[in-house]
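Since this is a predicted model, take the numbers as computed values, not measurements. Atom set for the values below is all heavy atoms of this structure, side chains included, hydrogens, waters and symmetry mates excluded. Throughout, protein chains are lettered first and strands after them, A, B, ... in sequence-line order, and every chain is numbered starting at 1.
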Amino acid sequence: MKGRIIITALVALLIFCAGYTALFVAPDEATMHAIQRIFYFHVASWNAMFCAFFVAFYASVAYLVTGRRKWDALGVSGVEVGVMCCTIGLITGPLWARPVWGIWWTWDAKLTSTFILWLLFIAYLLLRGLVEDPEKKASLSAVFAIFASLDIPLVYLANRLWRTQHPQPVIAGGQGSGLDPTMSKVLLLCLFAIFCVMILVLVDRYRLELLRNEAAEFRYEIESRGLDAADDAATAALQKGGQ
Amino acid sequence: MTTAKSAAIILAKELRLEFRTRELLTATVIFALVVVVLFSFAFDPTAAESRRYGPGLLWIAFLFAGSLMLNPSFAREQNNETLDALRMAPIPGFAILLGKILANFIFMSLAELVLVPVFAVLYNLSLAGIVWRLILVLVLGTLGLTVTGTVFSAISAHARMRELLLPLLLLPLLTPLLIAAVESTASLFAEQPALDRTWLAFLTGFDIVFLTASWLLCDHLLEE
């Protein structure tokens, strides 16, 4: 417990430093000025999202191979944390795009693919909520997670092929090649900080899932025993009534 | 028994079951027609516009109809727990899935066989000269739809609200297929009909990826 408090405090300090450097230390961008600073969190949340979804994919495969429940717990934690990072990215993106590109959203390959990614993993969470049997829930959602992960490169490829055939009117906001050295240092710090936050949340979510599984097992046991006791009592009462 | 032989038996059983009532096929065709007609109110289709929107509209109607039609594939095995009986049979698990995929593929193709000419008439598109190429695109697209759809039907059969869940799982996953199928159909309906090789290759790739994945994962899908 003490160790976790220390680690949480360290991550909090790290994210504070990252926020401070991104806002005050990093140099002003030539054309976009202050608004460009959202970049440090936007890119960092995408990075964390990919790591989280990779964990989920790996855990799903591992669950199907080994059949151990802890991998299922890791899988659902990875998806939940990944969806969280994806949501942050999807919110910071339009906030940045509106002043810079002049529009909130464009159906560009990256944006569209991410949106589909988000929808797919939301569907994964819905699926888990709708299947009762814990064993079934674990194996079916692992199969779905693998299908969804296989789909992501295809979604991206399809959108790339599609958009290159139809030229885009509005794409001006790509990062120019080559970052200022201070900028790249700040970016690295932010990437690392958000990644640590992601891992921290992921580990906590994983522990929570394990505890939930344990609690569900206990509840099941209590219920089955309780039912037995009630059954016995009912039979005894019936016998008494019969006499 | 070999996978092919047992899959053929499952396929025959699915076909027999469907052709006794034909209710699934009728409902699918009518549903797709309703979608096509509704679209004509949403976008006023002139000849030039239907060339632009037509392929997309046709595939959206197929995808929606498919996501509804594929639902009973495994759900109806739940009523009398017949899936357990199938699982107990001494046949490979993939044979059950493959038989159902093939059956759904046949049902979907039959529905398309009715729908495409009707669609061409309603939206004033000419099928002359592109029939075989169109069939190739339809076969590749429908295969991708039925492979993923049948697998997800096995998933959603165990869930509550399965009728709603299947489209939610299936439709986002099918976006690459939709793009590829629409683009290759559009290039056939263009002024100068041509077969777009890139998109055909993409469709084939999609089918191979998900057919392989279903083959690898089918035991986990059907396990008790």
Any salt bridge linking R212(A) with E217(A)? Criterion: basic side-chain nitrogen under 4.0 Å from a carboxylate oxygen. no
Are E77(B) and T82(B) close enough that a side-chain donor and a side-chain acceptor fall under 3.5 Å? yes
Selection from L168(B), L177(B), L169(B) maximising heavy-atom pairs under 4.5 Å formed with chain A: L169(B)
Closest-packed option against chain B by number of heavy-atom pairs under 4.5 Å, given I152(A), L119(A), V155(A): V155(A)
Taking the six-membered ring for Trp and the single ring otherwise, decide whether the centroids of F152(B) and F144(A) are under 6.0 Å apart. yes
Salt-bridge criterion met for R133(B) and D196(B) (N-O under 4.0 Å): no
With a 4.5 angstrom heavy-atom cut-off, could you sort out which part of I122(A) is near chain B: side chain, backbone, both or neither? neither
Where the side chain of Y123(B) meets the backbone of S40(B), is there a donor-acceptor pair that is under 3.5 Å apart? yes
Among residues 202-218 of chain B, residues within the sub-4.5 Å heavy-atom range of chain A, in order of number, are F202(B), F206(B), V209(B), F210(B), A213(B), S214(B), L217(B)
Does S184(B) use its side chain to pair, donor to acceptor, with the backbone of L200(B) at less than 3.5 Å? no
Hey, does the side chain of K100(B) reach the backbone of S73(B) with a donor-acceptor pair shorter than 3.5 angstrom? yes
Heavy atom to heavy atom, less than 4.5 Å: which residues from residues 58-71 of chain B reach chain A? none
